[in-house]
Amino acid sequence: MQLVGIAKAAHNAPLLEAKRQVSYSHLATGKWINRVEGSRHSFEWSINPYRGCEMACQYCYARYTHEFMELREPEDFETRIFAKVWNASEFRRELAKVPMSQAIAIGTATDPYQHAERRYELTRRILEVFATVSGRKLWITTKSDLPMRDLELLQQVAKRHVLYVNFTVTTLDAQLARGLEPRAPRPDLRLAAVASLAAAGIRCGVIASPILPGINDDEIDLHALAQQAKASGAQWFGGGVLFLKSPTKEVFLSYLEREHPQLHRKYQATYETGARPSREYHQKIEALFERVRLGVGLSRKATPYLPPDWERGNQLSLAL
Ligand code: SF4
């Protein structure tokens, strides 16, 4: 058949980008709740229902975790996603061993509300378990607006546990975000999710991490982001500097080459001898966040609260 008109044009159109093939696999695991080493976190345990993350952030520090499975191609982390096989009784058994005084973070090495969650609903199943017990301190960190799906469930959890939800928003610039975080929901959608959760009484904060020199560290831009976070109902605002080591370093430097070639050499020099920028830059960014928070009226940290259905007799440590 001879193609004509729009059919011919479509047939001959040059391919701009082929749809990436993302594979999802089930991963049998004996471990749902893992001990977090080191003291720089506000939680002692982590839950990651998935391995790999389709959001594909160029700066994602967790890319190295796929190497544990001998998956070493740079794109494996974002294209080969593993969903753990749900086992409610095993989850409950592990939870029972976590001391009540210690905090649990959901989503540390992968986003618990990444696209796979629409299909497998593992984060939802975990929350359903938490909705039947009480007295925990929980953190959720995400870059998605999918928590809105679980609004009522999150409300139930927040009545029984201290629950804080961090939304990561690195910029208000949708185009910049598309390049940096190719398959994460747009920044305005994330802020809309903050607004929905906050209106439902769930404590939310906005984290502008990582701060990238010359890309999203402009004070005026950060101020505008903090203002929108506040207007959405966020209670705290913070962020940290970029941590960059292999294999993320190669992925991020190649992103810079494509999108910000003028910065490529600068980043190479900054991260040549270590995974973090200089102490001076670090202090400069801390001071910048402090000014922005003061200007907008947001806290640095979540404020402690006592949930209405907190378990009697369970001591609540308000320290964060
Ligand atoms: S959303 Fe988080 S875990 Fe997922 S790719 Fe981005 S930084 Fe990594």
Side-chain angles (χ1 to χ4, degrees), residues 20 22-25 27 34 36 41 43 46-69 71-84 105-120 122-123 126 139-149 164-171 173-174 176-191 193-194 204-212 215-216 225 238-256 259 275-276:
R20 288 172 332 131
V22 177
S23 70
Y24 300 99
S25 311
L27 188 69
N34 291 288
V36 176
H41 302 291
F43 48 86
S46 71
I47 299 174
N48 287 290
Y50 303 96
R51 291 195 76 114
C53 185
E54 205 179 331
M55 303 272 198
C57 306
Q58 309 285 355
Y59 51 71
C60 179
Y61 84 95
R63 288 176 182 274
Y64 74 95
T65 57
H66 252 41
E67 294 185 348
F68 301 153
M69 297 183 292
L71 295 171
R72 295 179 182 280
E73 291 304 318
E75 69 276 11
D76 282 343
F77 181 78
E78 62 203 61
T79 57
R80 299 193 60 183
I81 310 299
F82 295 85
K84 295 180 180 176
I106 304 174
T108 53
T110 60
D111 196 308
Y113 279 106
Q114 61 174 288
H115 305 300
E117 173 61 15
R118 292 181 200 277
R119 185 184 297 208
Y120 298 104
L122 293 175
T123 298
I126 288 165
W139 291 89
I140 295 176
T141 298
T142 183
K143 213 167 262 167
S144 176
D145 57 343
L146 190 54
M148 284 160 74
R149 177 198 69 185
Y164 300 116
V165 183
N166 279 322
F167 283 86
T168 306
V169 186
T170 51
T171 174
D173 180 336
L176 176 61
R178 183 57 63 229
L180 277 172
E181 302 146 355
R183 277 165 288 282
R186 292 194 319 260
D188 60 311
L189 296 176
R190 295 177 225 170
L191 288 168
V194 173
C204 300
V206 168
I207 304 298
S209 260
I211 287 297
L212 305 162
I215 296 177
N216 69 342
L225 172 55
V241 296
L242 174 66
F243 178 81
L244 201 56
K245 68 172 192 178
S246 189
T248 304
K249 189 172 175 179
E250 292 73 27
V251 172
F252 191 73
L253 288 176
S254 113
Y255 158 77
L256 286 178
E259 309 266 339
R276 296 179 194 281

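Indexing begins at 1, ligand by ligand and atom by atom, following the structure's order. Basis for what follows: all heavy atoms, side chains included, without hydrogens, waters or symmetry-related copies. Worth saying up front: this structure is predicted, and the values here are computed from it rather than measured.
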Quiz item: Tyr255 vs Phe252 aromatic rings, parallel, tilted or perpendicular, using cut-offs 30° and 60°?
Solution: tilted
Self-check item: Rounded distance [0.5 Å steps], CD1 in Ile81 versus OG in Ser25
Solution: 9.0 Å
Quiz item: Atoms of ligand 1 less than 4.0 Å from Ala109 heavy atoms?
Solution: 3 (S)
Quiz item: Does the side chain of Trp139 reach to within under 4.5 Å of the side chain of Ile106, using non-hydrogen atoms?
Solution: no
Exercise. Quick one: name the protein N/O/S atoms under 2.8 Å from atom 6 (Fe) of ligand 1, chain by chain.
Key: Cys57 SG
Quiz item: Would you call Ile140 and Tyr113 a side-chain contact if the rule is heavy atoms closer than 4.5 Å?
Solution: yes
Exercise. Could you check whether the rings of Phe243 and Tyr61 sit parallel, tilted or perpendicular, using 30° and 60° as the cut-offs?
Key: perpendicular
Practice problem: List every atom of ligand 1 that sits less than 4.0 Å from any heavy atom of Thr110, numbering the atoms from 1 in the order shown and giving each element. | Solution: 3 (S)
Quiz item: Aromatic rings Phe77 and His66: how do their planes relate, parallel, tilted or perpendicular, breaks at 30° and 60°?
Solution: perpendicular
Practice problem: Report yes if the side chains of Phe43 and Thr141 come closer than 4.5 Å at any heavy-atom pair, otherwise no. | Solution: no
